[in-house]
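Everything on this sheet refers to the single structure shown next.
Sequence positions, counted from 1, serve as the residue numbers for this chain.
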Amino acid sequence: MKLAEALNDRASLNQKLNSLKKRMIQNSKVQEGDEFDENPLELYEEYKNTLKEHLCLVKRINKTNSSTSIGDQTLEEALLNRENMKSEQKCLKELIDFATEKSDRYNRSEIKYVKTVNISELQKLTDSLAKKYRELDTKIQQLNWNTDLL
């Protein structure tokens with residue numbers, strides 16, 4: 001099994017776990033005289049079994065990520081770096097959005113606001129981060145489809 005397939009399976013298991021939990025909760029209480037559609041305790045057993053399957057798969061994914069190289073770092077480190085880039089990019093985007101937000105100059109207080117940051121420089125930095133993110137993400141995706149799960 002390739003790492004990418006395992007990641008897809010993990011996503012499916014996460015969806016199944018969420019569905020089982022929702023169904024357990026929905027069937028945990030019914031109107032007096034009614035029957036539940038599904039037995040919550042049977043759903044709970046299926047939930048526990050799915051959780052065990054999920055845990056085993058995640059352990060294998062983590063082992064593969066920490067044992068696989070991508071350039072001068074492990075795949076695990078590359079994933080963390082990608083997540084940090086995404087977080088930094090989001091922060092800069094929010095800063096730009098707030099700084100460029102138009103204020104109502106004709107409100108009761110008539111306070112004038114001025115920007116304290118250079119929007120052009122921040123936008124260039126954001127664009128540069130976006131490019132680095134895409135390049136790293138492409139390498140990670142390619143590696144996912146070429147790496148066997150340990």
**OP:** Look only at the side chain of N27 and the backbone of R23, and say whether a donor-acceptor pair between them is shorter than 3.5 Å.
**Re:** yes

**OP:** Could I get the full list of side-chain hydrogen bond (donor to acceptor under 3.5 Å, both in side chains) partners for Q26, not counting sequence neighbours?
**Re:** none

**OP:** State whether the side chain of S66 and the backbone N or O of K63 hold a donor-acceptor pair below 3.5 Å, judged by distance alone.
**Re:** yes

Subject >> Cluster link L3 to L13, ILVMFWY, side chain under 4.5 Å >> reply: yes

Subject >> Check: S87 side chain, N84 main-chain N or O, donor-acceptor pair, under 3.5 Å >> reply: no

Original post:
Any luck finding a side-chain donor-acceptor pair between N62 and E76 under 3.5 Å?
Top reply: no

**OP:** Report the distance from atom NZ of K93 to atom CG of L129, rounding to the nearest 0.5 Å.
**Re:** 14.0 Å

Original post:
Can you hop from L122 to F98 via hydrophobic side chains spaced under 4.5 Å?
Top reply: no

**OP:** Check the hydrophobic clustering (I, L, V, M, F, W, Y; side-chain heavy atoms under 4.5 Å; chains of links allowed) and say if L95 and L125 are grouped together.
**Re:** yes

Original post:
Would you say the side-chain atoms of D127 and Q123 include a donor-acceptor pair closer than 3.5 Å?
Top reply: yes

Original post:
Under the 3.5 angstrom rule, does the side chain of Q142 hit a backbone N or O of K139 as a donor-acceptor pair?
Top reply: no

**OP:** Check whether any side-chain heavy atom of K86 sits under 4.5 Å from a side-chain heavy atom of E83, and report yes or no.
**Re:** yes

Original post:
More than 12 heavy atoms of other residues, nucleotides or ligands under 6.0 Å from NZ of K90: is that the case?
Top reply: no

Subject >> ILVMFWY network linking I119 to L92, side-chain heavy atoms under 4.5 angstrom >> reply: yes

Subject >> Listed partners of E45 passing salt bridge (Lys or Arg N to Asp or Glu O under 4.0 Å), at least two apart >> reply: K48

Original post:
If you round to the nearest 0.5 Å, how far is CD of E77 from CG of D72?
Top reply: 8.5 Å

Original post:
Can L43 be reached from L51 by stepping across I, L, V, M, F, W or Y side chains whose heavy atoms are under 4.5 Å apart?
Top reply: yes

Subject >> CD/E35: more than 12 non-hydrogen atoms of other groups inside 6.0 Å >> reply: no

Original post:
When you measure from the side chain of S19 to the backbone N and O of Q15, does any donor-acceptor pair fall under 3.5 Å?
Top reply: no

Subject >> side-chain contact (heavy atoms from CB on, under 4.5 Å) partners for L79, two or more places apart >> reply: N65, L75, R82, I140

Original post:
What distance separates F36 CZ from E42 CD, expressed to the nearest 0.5 Å?
Top reply: 7.5 Å

Subject >> Side chains of K22 and N18 in contact at under 4.5 Å (non-hydrogen atoms) >> reply: no

Subject >> Value rounded to 0.5 Å, distance of CG in L143 from CD1 in I70 >> reply: 5.0 Å

**OP:** Quick one: pull up CD in E135 and NZ in K132 and give me the separation to the nearest 0.5 Å.
**Re:** 9.0 Å

Subject >> Side-chain heavy atoms of N81 within contact of Q73, under 4.5 Å >> reply: yes

**OP:** Please tell me if the side chains of T74 and S67 come closer than 4.5 Å, counting only heavy atoms from C-beta onward.
**Re:** no

Original post:
Out of curiosity, N144 CG to I61 CD1, how far, rounded to the nearest 0.5 Å?
Top reply: 9.5 Å

